[in-house]
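Working notes, structure below.
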Amino acid sequence: MNQLIDALFTQGYYVWDDFLSPNEVAQLRQCLPPEWEKARIGRGEQAVRATSIRSDKVHWLHRAMDAPVLSYLDKMECLRLEANRHFFLGLFEYEAHFAKYERGDYYQKHLDSFKGNENRKLTTVFYLNDSWTVDDAGELAIYDLEDKHLLTVAPKSGRLLVFFSEQFPHEVLPTNSERYSIAGWFRVNGVQNNRLDIAN
Ligand code: OGA
Ligand code: MN
């Protein structure tokens, strides 16, 4: 956790290998849902299907899911408290979804805090892909706000990526094999449409 906080301070992102053990990852994989929905861009009524921008499918996490998911959410809660303690971000809640990329799927370069979603402050992406190899592709390429390429992250099993949502455009390169992740966002409360945005 200290390394994560240090890295967020100095560079704004951190790649945490073996965040979960292979056994824990296997248990989380058991929780992958049978049903997926087409990913959307934006929130609420403004959400649009945008296959040209992203072609993955998602399934939102919630507290009624099985124990491994709850345990993952608990770990994210620890991370939330720790981030608040060090960065005074006032992170308030966490939203996350499983994502499934099939062969050829991608997500074009984007910022996670887009219009209508400015209250996303800290992004997490956790990877569930056993024995990933270079041939599988589907890496995450990360840039700075001047569009300089910073790093490319392989979606390896057990790896957690954390970065400040407003500072790093990123893209999922087309994958050659099925690719699973849990993307999540710590949010602050924001006023939207003249109402306090507490619930989703
Ligand atoms: C996202 C995203 C990255 C990944 O869902 O916003 O950028 O590697 N996902 O799955
Ligand atoms: Mn993203």
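Not measured: the values here are computed from a predicted model.
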- Message: Trp185 vs His97, test: side-chain contact (heavy atoms from CB on, under 4.5 Å). Steps then yes/no.
- Response: CA-CA 9 Å; Trp185 302 272; His97 60 55; 3.5 Å; yes
- Task: Apply the test salt bridge (charged side-chain N to carboxylate O under 4.0 Å, His left out) to residues Asp74 and Arg63: give CA-CA distance (whole Å), side-chain angles for both, the deciding distance (0.1 Å), then the verdict.
- Result: CA-CA 10 Å; Asp74 287 345; Arg63 283 255 159 215; 3.3 Å; yes
- Message: Can you confirm whether His59 sits close enough to Lys100 that some side-chain heavy atom of one is under 4.5 Å from a side-chain heavy atom of the other?
- Response: no
- Query: Are any non-hydrogen side-chain atoms of Glu95 and Trp60 less than 4.5 angstrom apart?
  - Reply: yes
- Are the side chains of Val69 and Leu28 in touch, meaning some heavy atoms are under 4.5 Å apart? yes
- Task: Please check if the side chain of Arg179 supplies one atom and the backbone of Gly138 the other of a donor-acceptor pair under 3.5 Å.
- Result: yes
- Query: Looking only at heavy atoms, what is the nearest atom pair of Ser157 and Val25, with distance?
  - Reply: OG-CG1, 3.3 Å
- Message: Determine whether a donor-acceptor pair (N or O, by modelled atom type, separation under 3.5 Å) exists between the side chain of Ser181 and the backbone of Phe126.
- Response: no
- Message: Using a 3.5 Å distance criterion without hydrogens, assess whether the side chain of Asp105 forms a donor-acceptor pair with backbone atoms of Asp56.
- Response: no
- Measure from the side-chain N and O atoms of Gln108 to the backbone N and O of Ser52, and report whether any donor-acceptor pair falls under 3.5 Å. yes
- Item | CG on Asp112 to NZ on Lys121, rounded to 0.5 Å | 12.0 Å
- Residues Pro33 and Phe98: closest non-hydrogen pair is CD-CD1, 3.8 Å
- Task: Hey, could you give me the CZ/OG distance between Arg187 and Ser113, rounded to the nearest 0.5 Å?
- Result: 12.5 Å
- Message: Are Leu173 and Leu161 connected into the same hydrophobic cluster when the rule is that any two of I, L, V, M, F, W, Y join if their side-chain heavy atoms are below 4.5 Å apart?
- Response: no
- Task: Test side-chain contact (heavy atoms from CB on, under 4.5 Å) on Leu79 and Leu4 and set out the steps.
- Result: CA-CA 10 Å; Leu79 217 153; Leu4 165 72; 3.9 Å; yes
- Item | ring-ring contact (aromatic ring centres under 6.0 Å, His included) partners of Phe9, counting only residues at least two apart | Phe87
- Message: Quick check for you: to the nearest 0.5 Å, what is the distance between Met65 atom CE and Ser71 atom OG?
- Response: 14.0 Å
- Query: Taking the side chain as C-beta and beyond, is there a heavy-atom pair between Glu166 and Leu111 under 4.5 Å?
  - Reply: no
- Message: Surrounding NZ of Lys156 (heavy atoms of other residues, nucleotides or ligands, distance under 6.0 Å), is the total greater than 12?
- Response: no
- Note on the structure: Here the pair of heavy atoms bringing Gly12 nearest to Phe168 is O-CE1, 3.3 Å
- Query: Distance from Arg120 atom CZ to Tyr94 atom OH, nearest 0.5 Å?
  - Reply: 10.5 Å
- Item | Side-chain heavy atoms of Leu91 within contact of Val188, under 4.5 Å | yes
- Message: Whether the side chain of Asp66 engages the backbone of Cys31 through a donor-acceptor N/O pair (distance < 3.5 Å, no angle test) should be reported.
- Response: no
- Message: Using the rule that Ile, Leu, Val, Met, Phe, Trp and Tyr join whenever any side-chain heavy atoms are under 4.5 Å apart, tell me whether Val172 and Leu151 fall into a single cluster.
- Response: yes
- Just do the side-chain contact (heavy atoms from CB on, under 4.5 Å) check on His110 and Ile53 with the steps written out, would you? CA-CA 9 Å; His110 64 282; Ile53 298 171; 5.6 Å; no
- Task: Identify the two heavy atoms, one from Gly104 and one from Pro174, that lie closest to each other, and give their separation to 0.1 Å.
- Result: O-CB, 4.3 Å
- Item | Linked, directly or transitively: Ile5 and Leu81 (ILVMFWY side chains, under 4.5 Å) | no
- Note on the structure: Residues Arg54 and Ala39: closest non-hydrogen pair is NE-CB, 3.2 Å
- Query: Do you know which of Tyr107, Tyr106, Tyr143 makes side chain to side chain donor-acceptor pair (under 3.5 Å) with Glu171?
  - Reply: Tyr143
- Query: Side chains of Val162 and Phe186: closer than 4.5 Å at any heavy-atom pair?
  - Reply: no
- Taking the side chain as C-beta and beyond, is there a heavy-atom pair between Asp147 and Lys109 under 4.5 Å? yes
- What heavy-atom pair brings Asn129 and Pro155 nearest, and what distance separates the two atoms? ND2-O, 2.8 Å
- Message: Working to the nearest 0.5 angstrom, can you tell me the gap between Leu61 CG and Leu70 CG?
- Response: 9.5 Å
- Message: So, using ring-ring contact (aromatic ring centres under 6.0 Å, His included) as the criterion, who are the partners of Tyr101 when residues are at least two apart?
- Response: none
- Message: Is the ring pair Phe163/His170 parallel, tilted or perpendicular, if the boundaries are 30 and 60 degrees?
- Response: perpendicular
- Do Trp132 and Glu139 have side-chain heavy atoms sitting under 4.5 Å apart? yes
- Out of curiosity, Tyr180 OH to Thr175 OG1, how far, rounded to the nearest 0.5 Å? 10.5 Å
- Audit row: Phe92, Asn119, side-chain contact (heavy atoms from CB on, under 4.5 Å) steps and yes/no: CA-CA 10 Å; Phe92 180 76; Asn119 50 12; over 6 Å; no
- Item | side-chain hydrogen bond (donor to acceptor under 3.5 Å, both in side chains): pairs with one or both residues in residues 4-20, sequence neighbours excluded | Gln3-Tyr14, Asp17-Arg159
- Message: Given 3.5 Å as the limit, does a donor-acceptor pair link the side chain of Arg103 with the main chain of Asn176, or not?
- Response: yes
